[in-house]
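For reference, the structure is listed below as structure tokens.
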Amino acid sequence: MSYLHRKPQQPDASGRIQHITPDNAGWRYVGFDVVLLKAGDSRQFDSGTGQELCAVLLSGRVDFKSATLQADNIGERMSVFAGIAPYAVYLPAGDTLTVTALTDVELALCRAPVDALATPLPARLIIPADCARESRGQGTNTRQVCNILFGNLPAQRLLITEVITPPGHWSSYPPHKHDTDALPAESALEETYYHKLDPSQGFAFQRVYTDDRRIDETISVEHNSVVLVPEGYHPVGAPHGYTLYYLNVMAGPSRNWVFHNDPQHAWILQK
């Protein structure tokens, strides 16, 4: 199995099925967990010293509570494929989020280090109306994008978006990369892809490759698996019959998403 591919694990004592840290990913910025909670469960999640945290409610209903935020009976979708934007909570460093599950819940915990000299941002509830939704691409490159914590809302480093790719369509395509700190031409961002499929027994394909092919992996992704993108181009394809969802978390030296298309495939944009 590719070292870039993290299959889901059986839930641990906290309900966690994915656990990505800078240490186990071999990079500097992105941390990513997925936690499953049963109705009635209550868990606490720390943003951590020197880290910001965005908890994305993928499905279910919850009560959220932190030192400065209380939000009860939150959540509208029971599936990421429901066609509506999610709720989320942003926390600054040194805060704790208590989550009480009112139904079965799937929660993504997205972390990145903060600049110790920067003014901390306040905790806030992100509601579906805060998210920016758009259709991107054309033909079999069409997909639905929902920016959760992107240009629509402030953060110190985190960039978070989710994408629905219809059956037989491509996404993150033409292949693009953002691995070079060379603004304004390109930014350097690590990225995780958390994949889900409908129906859940499906699969999709993601390729991660660099210009010099130091990295050149084609990964068969399944429901609830994560692909790490430390560098390189990273297109995704969904086969006929299966709708693909993924949640992207990005972070790097600066909070700028400036990508570079693979020159060999950029011609596709002209069609």
Side-chain angles (χ1 to χ4, degrees), residues 8 15-18 20 30-39 41 43 45 47 52-66 69-91 95 97-112 121-136 143-155 157-166 171-172 191-198 200 223-226 236 243-251 257:
R16 188 171 61 193
I17 63 169
Q18 287 284 359
I20 311 298
V30 174
F32 180 72
D33 290 350
V34 176
V35 177
L36 304 181
L37 303 178
K38 295 292 187 182
D41 286 349
R43 298 281 190 274
F45 305 103
S47 56
E52 59 185 352
L53 167 67
C54 184
V56 180
L57 183 59
L58 298 177
S59 62
R61 297 183 72 86
V62 300
D63 293 339
F64 284 133
K65 184 178 181 180
S66 77
L69 181 147
Q70 177 80 46
D72 295 330
N73 200 23
I74 297 301
E76 296 179 2
R77 68 186 194 186
M78 295 297 114
S79 166
V80 298
F81 297 100
I84 54 178
Y87 284 83
V89 170
Y90 174 86
L91 289 186
D95 207 343
L97 180 67
T98 300
V99 181
T100 301
L102 307 179
T103 65
D104 289 353
V105 164
E106 183 175 19
L107 189 71
L109 303 170
C110 316
R111 293 184 171 89
L121 296 168
R124 69 169 293 165
L125 177 68
I126 300 169
I127 66 174
D130 293 327
C131 300
R133 303 180 69 201
E134 64 173 302
S135 179
R136 191 175 297 168
R143 63 273 197 200
Q144 304 301 315
V145 178
C146 178
N147 289 330
I148 301 165
L149 189 65
F150 222 80
N152 56 317
L153 293 170
R157 281 203 170 93
L158 281 171
L159 293 162
I160 302 172
T161 191
E162 62 180 15
V163 178
I164 296 285
T165 306
S171 198
S172 296
E191 185 169 19
T192 54
Y193 275 68
Y194 178 53
H195 291 281
K196 299 180 76 68
L197 287 126
D198 182 27
S200 62
H223 194 64
N224 294 349
S225 65
V226 171
V236 181
T243 302
L244 173 68
Y245 165 95
Y246 56 79
L247 180 73
N248 287 139
V249 182
M250 291 181 276
W257 184 57

Query - Closest approach of Pro86 to Leu57 (non-hydrogen atoms, all atoms of both residues) - result: CB-O, 3.6 Å

Report summary line: When Asn73, Thr103, Asp72 are each screened for side-chain hydrogen bond (donor to acceptor under 3.5 Å, both in side chains) with Arg61, the one that passes is Asn73

Query - Nearest atoms (heavy-atom pairs only) where Leu121 meets Ala155 - result: CD1-CA, 3.4 Å

**Report entry** Main-chain N/O of Glu162 paired to Asn248 side chain as donor or acceptor, under 3.5 Å
**Finding:** no

Query raised in the report: Just how far is it from atom CD1 of Ile160 to atom OH of Tyr90, taken to the nearest 0.5 Å?
Result: 9.5 Å

Report summary line: Of all heavy-atom pairs linking His223 and Leu197, the shortest is ND1-N, 3.0 Å

Requested in this report: Could you grab the distance from atom OG of Ser66 to atom CG of Asp95, nearest 0.5 Å is fine?
Outcome: 4.5 Å

Report task. Fit a plane to each ring of Tyr245 and Phe81, take the angle between them on a 0 to 90° scale, and name the class: parallel (under 30°), tilted (30 to 60°) or perpendicular (over 60°). Result -> perpendicular

Requested in this report: Say whether, by atom type as modelled, one donor and one acceptor occur between the side chain of Arg133 and the main chain of Pro128 under 3.5 angstrom.
Outcome: no

Query raised in the report: About how many Å separate CZ of Arg136 and OG of Ser171, when rounded to the nearest 0.5 Å?
Result: 8.5 Å

Query raised in the report: Do the side chains of Leu91 and Phe45 get nearer than 4.5 Å, heavy atoms only?
Result: no

**Report entry** Whether Asn152 side chain and Asp130 backbone form a donor-acceptor pair below 3.5 Å
**Finding:** yes

**Report entry** Between Asn224 and Tyr194: side-chain donor-acceptor atoms closer than 3.5 Å
**Finding:** yes

Query raised in the report: Looking only at atom types and distance, does a side-chain atom of His195 sit under 3.5 Å from a main-chain N or O of Ser225, one as donor and one as acceptor?
Result: no

**Report entry** Main-chain N/O of Leu158 paired to Glu52 side chain as donor or acceptor, under 3.5 Å
**Finding:** yes

Requested in this report: With rounding to the nearest 0.5 Å, note down the distance linking CG in Asp33 to CD in Gln18.
Outcome: 9.0 Å

Query raised in the report: If only atom types and distance count, is the side chain of Arg157 paired as donor or acceptor with the main-chain N or O of Ala251 below 3.5 Å?
Result: no

Query - Heavy-atom side-chain proximity of Val89 to Leu97 below 4.5 angstrom - result: yes

Requested in this report: Nearest 0.5 Å please: distance from the CG atom of Leu153 over to the SG atom of Cys54.
Outcome: 9.0 Å

**Report entry** Full working for side chain to side chain contact (heavy atoms under 4.5 Å, CB included) between Leu36 and Asp104
**Finding:** CA-CA 7 Å; Leu36 304 181; Asp104 289 353; over 6 Å; no

**Report entry** Side-chain touch Glu106/Val34, heavy atoms, less than 4.5 angstrom
**Finding:** yes

Requested in this report: Could you tell me which non-hydrogen atom of Ala88 sits nearest to which non-hydrogen atom of Leu125, and how far apart they are?
Outcome: O-CD1, 3.4 Å

Query - Nearest non-hydrogen partners of Val249 and Cys110, listed with the distance - result: CG2-SG, 3.5 Å

Query raised in the report: Do Val62 and Tyr87 pass the side chain to side chain contact (heavy atoms under 4.5 Å, CB included) test, and can you show the C-alpha distance, the side-chain angles, and the key distance before you say yes or no?
Result: CA-CA 10 Å; Val62 300; Tyr87 284 83; over 6 Å; no

Requested in this report: Any chance you could measure Glu76, atom CD, to Ile127, atom CD1, to the nearest 0.5 Å?
Outcome: 9.0 Å

Query raised in the report: Hey, is the main chain of Ala85 close enough, under 3.5 Å, to the side chain of Arg77 for a donor-acceptor pair?
Result: no

Report summary line: Heavy atoms of Ile126 and Cys131 approach each other most closely as CG2-SG, 4.3 Å

Query raised in the report: Short question: side chain of Thr161, backbone of Cys146 - any donor-acceptor pair under 3.5 Å?
Result: yes

